[in-house]
Asks: 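Below is a structure I'd like to ask you about.
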Amino acid sequence: VQHEELSLPLYFGWFLLPAVQEKIRCTSMDFLKTLDTLEAFKKHLIDFTGKAEKEVDLEQYYKANGTLHCTTKFCNYGKVEGSKEYAQNPAVRSAYGSVFELSLTALFVTPRTAGARVSLTEEQLLLWPADAEKEVESAVAAAASLPQGSRAHITLGCAEGTEPVQTGVDLLQILALQKEGQQGEPLEMELGSLIYYGEGRWMLTLREPIAVPACFSSFYA
Ligand code: 2AM
């Protein structure tokens, strides 16, 4: 039994194929560069800096961490509840190693994280843990009532001292605000429409979703 537990990974997820990693990093950098120069963004700079008049270079602000991926189940080598059940789920076992097409439908930033929203298909939702949205209930009251898969995302970068797990929480928070109908004037940009949700939270809904091939697998080291 102990042996089985040792074989569980740090997490399961979809890993972007090498050829698209670079493309998504570029798209992300372009977005940050554009955001940084917008008057609307500059008006709310204090959300990021804590001080008026201070500048921020968004391209330097977020630190990338490793291979771009969309986590499905965080297992922490079996320490997380439901890890073993997830690994043994027939849907998970049969999908393991195959390539899926993920659809990126929005880009978002907060003073803590930068990420891309992933909109999962019915087939992809079979690999999504039932409790993923409820896990963060305490952090985001309304998140519990968001549809399954709402938390799906790719972390593009984290501010100094922020752990990547925060990206999904930030996304759920924005979606909860969206659901409550709290949105300002959308700013129409080349890639889509940008909305400010207060407290440094910005989301760009893409006019054309970006399709990326990604391999369903797991990460150990
Ligand atoms: P991410 O999915 O938001 O990027 C290793 O830390 C990976 O597992 C990261 O990709 C990270 O966040 C994700 N992760 C870490 N802790 C987690 C948790 N408690 N729940 C879900 N995902 C987690």
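Atoms within each ligand, like the ligands themselves, are counted from 1 in listed order.
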Asks: Under 30°, 30 to 60°, or over 60°: which ring-plane class applies to W14 and F100, parallel, tilted or perpendicular?
Replies: perpendicular
Asks: Is the distance between the ring centroids of Y11 and F74 under 6.0 Å?
Replies: no
Asks: Decide whether Y196 and D47 meet the rule of one side-chain donor and one side-chain acceptor closer than 3.5 Å.
Replies: yes
Asks: How about F41 and F48: are their ring centroids closer than 6.0 Å?
Replies: yes
Asks: Can you sort out the partners of R25 under salt bridge (charged side-chain N to carboxylate O under 4.0 Å, His left out), two or more places apart, ordered by chain and number?
Replies: none
Asks: Specify whether F12 and F216 have parallel, tilted or perpendicular ring planes, treating 30° as the upper limit for parallel and 60° as the lower limit for perpendicular.
Replies: parallel
Asks: Just list the N/O pairs, ligand 1 to protein, that are under 3.5 Å apart, with the distance for each.
Replies:
{"from": "ligand 1", "atom 1": "2 (O)", "to": "T71", "atom 2": "OG1", "distance (Å)": "2.6"}
{"from": "ligand 1", "atom 1": "3 (O)", "to": "H153", "atom 2": "NE2", "distance (Å)": "2.6"}
{"from": "ligand 1", "atom 1": "3 (O)", "to": "T155", "atom 2": "OG1", "distance (Å)": "3.0"}
{"from": "ligand 1", "atom 1": "3 (O)", "to": "P164", "atom 2": "O", "distance (Å)": "2.8"}
{"from": "ligand 1", "atom 1": "4 (O)", "to": "T155", "atom 2": "OG1", "distance (Å)": "2.7"}
{"from": "ligand 1", "atom 1": "10 (O)", "to": "H69", "atom 2": "NE2", "distance (Å)": "2.6"}
{"from": "ligand 1", "atom 1": "10 (O)", "to": "T71", "atom 2": "OG1", "distance (Å)": "3.3"}

